[in-house]
Amino acid sequence: MSFARVTGTGSYLPEKVVTNAELEKTIDTTDEWIYSRTGIRERRVAGDDETTCDLAEPAARRAIQAAGLIPADIDLIIVATTTPDQVFPSVACLLQDRLDIHNGGPAFDVQAVCAGFVYAMDICNRFFLTGACSRALVVGAETFSRIIDWTDRNTCVLFGDGAGAMVLERSDEPGVISTHLHAEGKYHELLSVPVGVSTNYEQVLRGEAYTQMQGSEVFKWAVKALGDIVDETLASNGMSKGDLDWLVPHQANIRIISATARRLGMSLDQVIVTVDRHGNTSAASIPLAFDEAVRDGRIQRGQQVIMEGFGGGFAWGSVLLKY
Ligand code: ACO
């Protein structure tokens with residue numbers, strides 16, 4: 001049997017740091033409120049002329065280099081993003097051009113907001129299972145700051161920008177073990193940017209396409225859905241909690257992350273946490289956290305890792321893999 005195995009990871013953060021203390025100067029909030037409710041101390045924000053593809057490119061190059069490959073080796077590109085550079089073409093096609101890849105392999109975006117990276121990994125794994133690719137690049141990249149109203153304290157303290165990437169290759173050794181995706185569209189109004197190309201487009205043109213969220217409802221749903229999906233993932237593989245080495249969760253809120261860790265019987269020492277420094281980077285948060293932990297030596301070859309994400313839709317999912 002062959003597997004899709006992660007052979008390289010990379011990430012990139014824009015230079016500009018916005019601390020809670022800086023937000024205290026522009027909105028009615030405090031560092032104490034933000035940190036105690038969310039675990040966030042600071043976030044990165046892209047420059048005015050910095051696009052999602054600008055963040056994706058260095059993350060992708062680092063992942064390809066870590067895998068010991070060159071860009072021309074990549075025969076599938078999937079970018080998870082909710083904040084693409086353009087309506088079309090996809091960021092994946094723009095990235096393929098930036099990387100100077102001309103082998104005709106497919107390139108496309110996936111939009112599942114904060115669950116985007118696990119959705120992209122699921123799709124990528126299916127390409128491997130059908131033999132349709134052999135060296136894939138999966139990227140989560142966002143300039144979420146562009147769809148935030150920076151005067152709305154309910155949302156602007158939560159989000160940040162960044163990109164993370166993984167290269168997956170066909171291997172006889174275990175890699176991705178299983179993926180699990182879910183959605184419940186009836187809650188689409190609880191977390192959304194309720195304008196777009198075919199709805200109130202004039203608001204988009206005015207630069208007023210902003211994220212709206214009923215935070216406490218989203219919070220309750222996220223805790224339940226993420227707890228259930230880790231149970232589902234373990235049960236479908238006949239595994240027990242003790243079989244896992246690491247949890248790499250979507251980084252929305254330290255209280256949601258802690259609740260999921262408790263459900264898995266894990267201490268926070270087994271959880272990769274970046275929310276304090278990155279905030280919620282939506283589809284980028286999982287690969288950013290994964291890359292950090294690979295590069296600092298926490299996640300080691302042969303270890304079993306569960307990734308899980310939850311976001312607007314609602315859409316949520318998990319990926320279990322042996323690194
Ligand atoms: N500073 C100070 N006060 C604030 C701030 C702020 N930045 N933001 C909100 N408040 C106030 C509100 O106005 C409200 O005041 P009121 O009671 O007078 O109306 C009060 O704080 C709300 O407080 P809490 O109910 O205690 O807030 P809660 O504990 O629910 O925390 C939070 C809010 C952090 C948003 C939380 O609900 C949360 O993390 N929700 C989930 C977010 C999430 O997981 N999103 C998923 C993915 S995102 C995606 O897919 C794009």
Side-chain angles (χ1 to χ4, degrees), residues 18-43 52 80-84 110-120 140-162 181-185 187-196 209-227 229 249-260 273-276 278-286 288-289 307-318:
V18 177
T19 62
N20 292 348
E22 286 167 83
L23 291 177
E24 284 180 0
K25 294 179 198 151
T26 55
I27 52 167
D28 181 16
T29 193
T30 60
D31 173 57
E32 195 281 328
W33 192 98
I34 301 170
Y35 188 68
S36 65
R37 296 300 202 296
T38 69
I40 299 168
R41 288 275 192 217
E42 62 185 40
R43 70 287 294 143
T52 294
T81 187
T82 302
T83 49
V110 169
Q111 199 269 67
V113 207
C114 301
F117 191 76
V118 291
Y119 266 65
E142 302 278 15
T143 46
F144 222 82
S145 60
R146 301 277 162 73
I147 52 170
I148 294 300
D149 176 356
W150 287 92
T151 66
D152 175 13
R153 69 177 185 173
N154 290 296
T155 51
C156 78
V157 301
L158 303 175
F159 295 94
D161 300 333
L181 300 185
H182 296 287
E184 181 48 88
Y187 297 110
H188 63 94
E189 287 180 347
L190 294 181
L191 176 56
S192 68
V193 176
V195 298
Y210 296 140
T211 300
Q212 299 178 3
M213 179 171 71
Q214 293 183 35
S216 59
E217 289 304 307
V218 177
F219 186 94
K220 279 184 253 168
W221 244 92
V223 169
K224 177 161 179 2
L226 292 173
I229 205 160
H250 169 51
Q251 311 280 322
N253 184 315
I254 191 67
R255 292 184 294 145
I256 299 174
I257 293 170
S258 302
T260 311
V273 176
T274 58
V275 70
D276 52 330
H278 301 174
N280 179 350
T281 57
S282 191
S285 86
I286 294 172
L288 265 166
M307 303 183 255
E308 43 83 350
F310 178 92
F314 293 141
W316 66 101
S318 68

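We count ligands from 1, going down the list as the structure has it; atoms in each ligand are counted the same way.
- Note: Phe144 and Phe159 have parallel aromatic rings, judged against thresholds of 30 and 60 degrees for the angle between ring planes.
- To the nearest 0.5 angstrom, Ile254 atom CD1 is 10.0 Å from Ile40 atom CD1.
- Nearest-residue assignment for atom 35 (C) of ligand 1 (options Met213, Glu217, Arg37; heavy-atom criterion): Met213.
- For Gly312, the closest heavy-atom approach to ligand 1 falls below 4.0 Å.
- The protein heavy atom nearest to atom 34 (C) of ligand 1 is Thr38 CG2, 3.5 Å.
- Checked by distance only, ligand 1 and Gly215 come closer than 3.5 Å through their nitrogen or oxygen atoms.
- For Ala183 against Tyr119, the heavy-atom pair with the smallest separation is CB-OH, 3.8 Å.
- Ligand-side atoms of ligand 1 in range of Phe144: 51 (C), range being under 4.0 angstrom from any heavy atom.
- Crowding of Glu189 atom CD: a count of heavy atoms from other residues, nucleotides or ligands under 6.0 Å not exceeding 12.
- When side chains are defined from C-beta on, Thr155 does not count as touching Gln212, because their heavy atoms never get closer than 4.5 Å.
- Applying the side-chain contact (heavy atoms from CB on, under 4.5 Å) test to Thr81 and every residue at least two apart in sequence or in another chain returns Thr52, Val79, Thr83, Pro84, Val91, Asp109, Glu142.
- For atom 32 (C) of ligand 1, the closest heavy atom belonging to the protein is Asn253 ND2, 4.5 Å.
- Proximity of Leu191 to ligand 1, defined as any heavy-atom pair under 4.0 Å, is confined to the side chain (atoms from C-beta onward).
- Remark: atom 13 (O) of ligand 1 lies closer than 4.0 Å to at least one protein heavy atom.
- Here the OG1 atom belonging to Thr26 is positioned 12.5 Å from the CZ atom belonging to Arg153, to the nearest 0.5 angstrom.
- By heavy-atom distance, the residue among Ala112, Gly309, Ser216, Gly311 lying nearest atom 30 (O) of ligand 1 is Ser216.
- Among protein heavy atoms, atom 43 (C) of ligand 1 sits closest to Val218 CG1, 3.7 Å.
- Protein heavy atom in closest approach to atom 18 (O) of ligand 1: Arg153 NH2, 5.0 Å.
- Using a 4.0 Å threshold on non-hydrogen atoms, atom 41 (C) of ligand 1 counts as touching the protein.
- Atoms of ligand 1 found under 4.0 Å from any heavy atom of Val157, numbered from 1 in the order shown, are 7 (N).
- Formation of a donor-acceptor pair under 3.5 Å by the Arg255 side chain with backbone atoms of Arg37 is found in this model.
- The two residues Phe314 and Phe310 make their nearest non-hydrogen contact at CG-CZ, 3.4 Å.
- For atom 50 (O) of ligand 1, the nearest protein heavy atom is under 4.0 Å away.
- Looking at atom 48 (S) of ligand 1, its nearest protein heavy atom turns out to be Cys114 SG, 3.2 Å.
- Residues Arg43 and Gly160 approach most closely at CB-CA, 4.0 Å, considering heavy atoms.
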Show me the donor-acceptor pairs, under 3.5 Å and distance only, between side chains in residues 216-224 and residues at least two apart or in other chains.
unit_1, atom_1, unit_2, atom_2, d
Glu217, OE2, Lys220, NZ, 3.1
Lys224, NZ, Asp228, OD2, 2.5

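- With Asn20 as the partner, the side chain to side chain contact (heavy atoms under 4.5 Å, CB included) test is satisfied by one option alone out of Thr29, Val157, Asp31, Thr38: Asp31.
- Scanning all protein heavy atoms for the shortest distance to atom 10 (N) of ligand 1 gives Trp33 CZ2, 3.4 Å.
- If you look at Asn280 next to ligand 1, the close heavy atoms, those under 4.0 Å, all belong to the side chain.
- In summary, the atoms of ligand 1 found under 4.0 Å from a heavy atom of Arg255, numbered by their order in the structure, are 28 (P), 29 (O), 31 (O).
- Within the listing of ligand 1, atoms 44 (O) sit less than 4.0 angstrom from a heavy atom of Ile256.
- If you check which protein heavy atom lies closest to atom 9 (C) of ligand 1, you get Asn154 OD1, 3.1 Å.
- The backbone N or O of Val275 sits less than 3.5 Å from a side-chain atom of Gln251, completing a donor-acceptor pair.
- The protein non-hydrogen atom at the shortest distance from atom 6 (C) of ligand 1 is Thr29 OG1, 3.3 Å.
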